[in-house]
> 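Before we start, here is the structure in question, set down as structure tokens.
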Protein chains: 2
Amino acid sequence: MPDTANPAPMNAPSRRKFRREGEERRRQDLIEATLDSVAEHGLQGATLRTIALRAGVTAGLIRHYFPGKEELLQEAYTTLVGRMTEQAKAALVMEDASPRQRLAAFITANLNAPIIDARVFSLWATFIGRANADPALAHAHREGYLGFRNEVEAVVADVLAAERRKADASQLRHHAIAINAIIDGLWIEGCLAGEMFSPGELAAIGIRAVEAELGLAPPKHDPEP
Amino acid sequence: MPDTANPAPMNAPSRRKFRREGEERRRQDLIEATLDSVAEHGLQGATLRTIALRAGVTAGLIRHYFPGKEELLQEAYTTLVGRMTEQAKAALVMEDASPRQRLAAFITANLNAPIIDARVFSLWATFIGRANADPALAHAHREGYLGFRNEVEAVVADVLAAERRKADASQLRHHAIAINAIIDGLWIEGCLAGEMFSPGELAAIGIRAVEAELGLAPPKHDPEP
DNA sequence: AGTCTATTTATACACTTGCACAACAAGGCC
DNA sequence: GGCCTTGTTGTGCAAGTGTATAAATAGACT
């Protein structure tokens, strides 16, 4: 392979060809390339040149869309968090289903692809590892966590109401914290060592653990006639 | 402030004074300085010069003890994992206590200081975020995880035996996975947002969730006369 | 087709990084 | 005390970093 990919016949100092993409598209591509780079090489390996290469542009262009690397990373993280919470909550918008079914579906959705995903986990861990030093990161996490937990708490309240059981705010909060922990813990293991579990196993474990936490009677099997 | 901290009266090219520490001591100091640097500035900020500064030596010395930065980071991670698992398991070596008490003590120990610790969490997240790309890291995590889970499984078996309940291997495994997830999930939240929980609250939530998972009857309060 | 503008490339620059190596001195040994 | 080993420092270097800026050109508009 020649040392230049330029097919120009003469060694005229020809420039690289390029296309002008829409602004929003370019920004989106750059953010995606950033997330890819961070997931693959970590924060240290995500250099402007690496990111630009992945996005199919040259490094200088990044400065045209972002004031600096810091801001690019910040926007990339915001995008990631938004995507994660959006996906996680999407499983809750089932109409015409019993609260208990909605809860089970929520757990199942959170413990299978695409939420169980090694790349997303890498990104989450890489960024959250900086939360101590970066208050903005810590704040973003807390927002996402509390939003998630509130969703859980609402479903739990529905489930208990449907079972005609009363629970005060403190009990509700504890249930939500525990259920959140169960989902988070199983999510981590699924992402880190997915092949150690058979398909659907994590979701089954999660549902059982959550229902035990709420003191729900185990569901009946189809009774023998 | 003068641009040199050297109190030498003349500008003779005097060298910095130094002491020869024992080999093991120096290595330990360098590893500790590495962990501090990673926790504070992330992998990208943990440069040889930063680490050396923290350890009170100059950068060149690191090469005398480690073949390269890579190996230093690897040894630092090994040290970290060893310390974490050691602490976590230490709570299990209670003689003369009922299995249920040992389980509760285990959970309590894992959900309070020093295991709930923002610095350790930062380190864990930073390193584990590279597990996808680095098989050595992934392997180290899996070893630690499985070791931890086996400990949990053993205690669970004891607890169920004491309650005269039988559980097959599959049920035992599922219990261990779920309990591990509960502890992990609560550990993360405690590390990331410890001030959101009152002292002992996480442990109380964890114990309740685990006992529910195992189907243990809630402990009696002091009965009214 | 010609013009114009803002997207994109390319180059330059100051700075940092990990690593190599020569000079040096701390502390044990005689 | 004098010497010798080796732990330790200081300096140098090539590669890579983020940022700044000039030069080029794609594509819309007339």
Side-chain angles (χ1 to χ4, degrees), chain A residues 3-8 10-31 33-34 37-38 40-76 130, chain B residues 3-8 10-31 33-34 37-38 40-76 130:
Chain A
D3 61 347
T4 170
N6 190 338
M10 268 316 169
N11 53 0
S14 75
R15 287 191 144 223
R16 174 178 172 174
K17 296 294 187 235
F18 63 90
R19 281 204 327 141
R20 296 186 162 197
E21 299 285 352
E23 160 160 355
E24 212 41 52
R25 169 69 186 275
R26 262 283 132 83
R27 297 183 110 254
Q28 217 44 45
D29 283 353
L30 285 173
I31 286 178
T34 303
S37 295
V38 173
E40 192 162 338
H41 307 105
L43 277 175
Q44 46 180 351
T47 72
L48 290 182
R49 285 163 179 85
T50 303
I51 293 169
L53 185 67
R54 233 193 175 85
V57 297
T58 53
L61 185 60
I62 294 182
R63 281 272 309 198
H64 192 80
Y65 288 97
F66 300 91
K69 193 190 180 185
E70 189 78 18
E71 288 80 2
L72 172 58
L73 284 173
Q74 206 124 325
E75 284 212 36
R130 307 280 320 117
Chain B
D3 61 349
T4 168
N6 191 337
M10 270 313 170
N11 53 359
S14 74
R15 287 192 144 221
R16 176 179 172 177
K17 297 291 187 242
F18 62 92
R19 281 204 326 142
R20 296 188 164 198
E21 298 285 352
E23 161 161 355
E24 212 42 50
R25 169 67 185 275
R26 263 283 134 81
R27 296 186 111 252
Q28 215 44 43
D29 283 353
L30 285 172
I31 286 178
T34 303
S37 295
V38 172
E40 191 161 338
H41 307 105
L43 278 175
Q44 47 180 349
T47 72
L48 291 182
R49 285 167 178 81
T50 303
I51 294 169
L53 185 68
R54 232 192 177 84
V57 297
T58 52
L61 184 61
I62 294 182
R63 277 274 310 201
H64 192 80
Y65 289 97
F66 300 91
K69 193 191 180 186
E70 187 78 19
E71 288 80 2
L72 172 59
L73 285 172
Q74 205 123 325
E75 284 211 35
R130 308 279 324 116

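Note that the coordinates shown come from a computational prediction; the quantities given were computed from them, not determined experimentally. The sequence lines fix the lettering, A, B, ..., with proteins before strands; numbering per chain opens at 1.
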> Heavy atoms only, 4.0 Å cut-off, all strands: where does A:Tyr65 land among base, sugar-phosphate and nothing?
sugar-phosphate
> Exactly one of A:Ile62, A:Leu73, A:Leu48 should register a side-chain contact (heavy atoms from CB on, under 4.5 Å) with A:Thr34. Which one does?
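Exactly one option meets the side-chain contact (heavy atoms from CB on, under 4.5 Å) with A:Thr34, and it is A:Leu73.
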> Assign each of A:Val57 and B:Gly60 to its nearest nucleotide of DNA chain C by heavy atoms, then name whichever residue's nucleotide is nearer the 5' end.
A:Val57
> Establish, from distance only, whether the side-chain atoms of A:Thr47 and A:Thr50 form a donor-acceptor pair under 3.5 Å.
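Yes, side-chain donor-acceptor contact under 3.5 Å.
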> Collect all protein-nucleotide pairs involving nucleotides 26-30 of chain D in which both atoms are nitrogen or oxygen and the distance is under 3.5 Å.
unit_1 : atom_1 : unit_2  : atom_2 : d
D:dA26 : N3     : A:Arg20 : NE     : 3.3
D:dA26 : N3     : A:Arg20 : NH1    : 3.2
D:dA26 : N3     : A:Arg20 : NH2    : 2.8

> Enter the distance from B:Thr58:OG1 to B:Phe18:CZ here, rounded to the nearest 0.5 Å.
9.0 Å
> Can you tell me how far P of D:dG18 sits from CD1 of A:Ile62, to the nearest Å?
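The answer, rounded to whole Å, is 9 Å.
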> Can you check the A:Leu30 CG to C:dT8 C1' distance for me, whole Å?
12 Å
> Do A:Val57 and A:Leu30 have side chains that approach each other closer than 4.5 Å (heavy atoms only, starting at C-beta)?
yes
> Has the side chain of B:Arg49 got a donor or acceptor atom that lies under 3.5 Å from a matching backbone atom of B:Leu53?
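Not a single qualifying donor-acceptor pair exists.
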> Starting at atom CG of A:Leu61, determine the distance to atom P of D:dG18, rounded to an integer number of angstrom.
15 Å
> If we only count heavy atoms from C-beta on, is the B:Tyr65 to B:Ile31 side-chain gap below 4.5 Å?
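No, their side chains stay 4.5 Å or more apart.
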> Against A:Asp29, only a single residue in A:Arg25, A:Arg26, A:Arg27 fulfils side-chain hydrogen bond (donor to acceptor under 3.5 Å, both in side chains); can you say which?
A:Arg25
> Tell me whether the side-chain N or O atoms of A:Arg63 pair up with the base of D:dT19 as donor and acceptor below 3.5 Å, since no angle test is needed here.
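Result: no qualifying N/O pair found.
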> Just N and O in the side chain of B:His64: are any of them under 4.0 Å from OP1 or OP2 of D:dG7?
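Affirmative; the distance criterion is met.
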> Is a donor on one side and an acceptor on the other found under 3.5 Å between the side chain of B:Glu40 and the backbone of B:Ser37?
no
> Just the table, please: protein N/O against nucleotides 16-18 of chain C N/O, every pair under 3.5 Å.
unit_1 : atom_1 : unit_2  : atom_2 : d
C:dG18 : OP1    : B:Lys69 : NZ     : 2.5
C:dG18 : OP2    : B:Leu48 : N      : 2.8
C:dG18 : N7     : B:Arg49 : NH1    : 2.8
C:dG18 : O6     : B:Arg49 : NH2    : 3.0

> Which whole-number value in Å describes the distance from B:Leu72 CG to C:dC19 C1'?
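Distance, rounded to whole Å: 14 Å.
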> Quick one: label B:Glu23 by what it contacts on the DNA or RNA (base, sugar-phosphate, nothing), any heavy atom closer than 4.0 Å.
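Nothing, no heavy atom under 4.0 Å.
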> Please report, rounded to the nearest Å, how far the P atom of C:dC24 is from the CZ atom of B:Arg15.
7 Å
> Between A:Glu21 and A:Arg19, does any NZ, NE, NH1 or NH2 come within less than 4.0 Å of an OD or OE carboxylate oxygen?
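Yes, charged N to carboxylate O under 4.0 Å.
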